[in-house]
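All of these numbers come straight from a predicted model, not from anything done at the bench.
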Amino acid sequence: MATVDATTESGKAAAPAPRPAAGNFSGADLFLRALLFAATLSGLVVLVTSKQTITVPVALLPRPLFVSLPAKFKDSPALMFLSGLVLRQDPLHPSCARCGIMASATGAAGGVAWIGLKGNSHTRWNEICSMYGKFCRHIGGSAFVSLIASIILVLLAVLNAYSLYRRSH
């Protein structure tokens, strides 16, 4: 049996047809980066706007004295750490170290939100979400969105590692 070679009209061998890139994830990469930007920006906006003031009666005199008690995200170092990290992250260059830092900041913020929601009877920290409902919803929503951002960072790091692996082989 004879084999047929692909030739051009001039008799020269034709260049092989280009193969589709098996590991080309540029569309997914761009989508994840845009999603990461949107998630971190929305989480930051929700976190920064989380403030609420309540008025509490204090019984010092025969008549109660009313005191205003504000709650702001700046009152918790864990929430300040999370907002600083969100501002400093670079979605164009995700790394595993950044993923770990983002995950730890998300965990710290989640811990603060959980204590606000449930309290801690062993340390006599009362839950505050029954009084500061709006504030707690903002903090919980921001912690949830930062968890999503952490997952997106991990996905980007895995995607970039796989792309590097495919290029090296």
Minimum side-chain heavy-atom gap L159-L32 below 4.5 Å: yes
Value for OG (S50) from CG (D75), rounded to nearest 0.5 Å, stands at 9.5 Å
Which heavy-atom pair separates F66 from P57 by the least distance, and what is that distance? CE2-CB, 3.6 Å
Between A113 and I139, which heavy-atom pair has the shortest distance, and what is it? CB-CG2, 3.9 Å
Taking all atoms of both residues into account, what is the closest heavy-atom pair of S42 and A39, and its distance? OG-O, 3.1 Å
Given the rule that I, L, V, M, F, W and Y join up when any side-chain heavy atoms are under 4.5 Å apart, are V112 and W114 in one cluster? no
Side-chain contact test, heavy atoms from C-beta onward, threshold under 4.5 Å: evaluate it for I128 versus C136 and give yes or no. yes
Separation of T53 OG1 from K72 NZ (nearest 0.5 Å): 8.0 Å
Are the side chain of S142 and the backbone N or O of H138 linked by a donor-acceptor pair below 3.5 Å? no
Applying a strict under-4.5 Å side-chain criterion to I, L, V, M, F, W and Y, I'd like to know whether I152 and V158 cluster together. no
So, does N160 use its side chain to make a donor-acceptor pair with the main chain of A157 at under 3.5 Å? no
Begin from the C-alpha positions of S150 and T106 and carry the test side chain to side chain donor-acceptor pair (under 3.5 Å) through to its verdict. CA-CA 8 Å; S150 296; T106 301; 3.2 Å; yes
Heavy atoms of K118 and E127 approach each other most closely as C-CB, 3.6 Å
Taking the side chain as every heavy atom from C-beta outward, state whether L164 and R167 have any pair of such atoms under 4.5 Å apart. yes
Pairwise distance CG(L153) to CD1(I148) - rounded to 0.5 angstrom: 12.5 Å
Side chains of I54 and Y132: closer than 4.5 Å at any heavy-atom pair? yes
Between V56 and F135, is there shared hydrophobic-cluster membership here, with clusters defined by ILVMFWY side-chain heavy atoms closer than 4.5 Å? yes
Using side-chain heavy atoms (C-beta onward) and a distance below 4.5 Å, is L156 in contact with L36? yes
Are the side chain of Q52 and the backbone of K134 linked by a donor-acceptor contact shorter than 3.5 Å? yes
Would you give the length of the straight line joining atom OG of S146 to atom CG of L44, rounded to the nearest 0.5 angstrom? 11.0 Å
Are V145 and V46 close enough that some pair of their side-chain heavy atoms sits under 4.5 Å apart? no
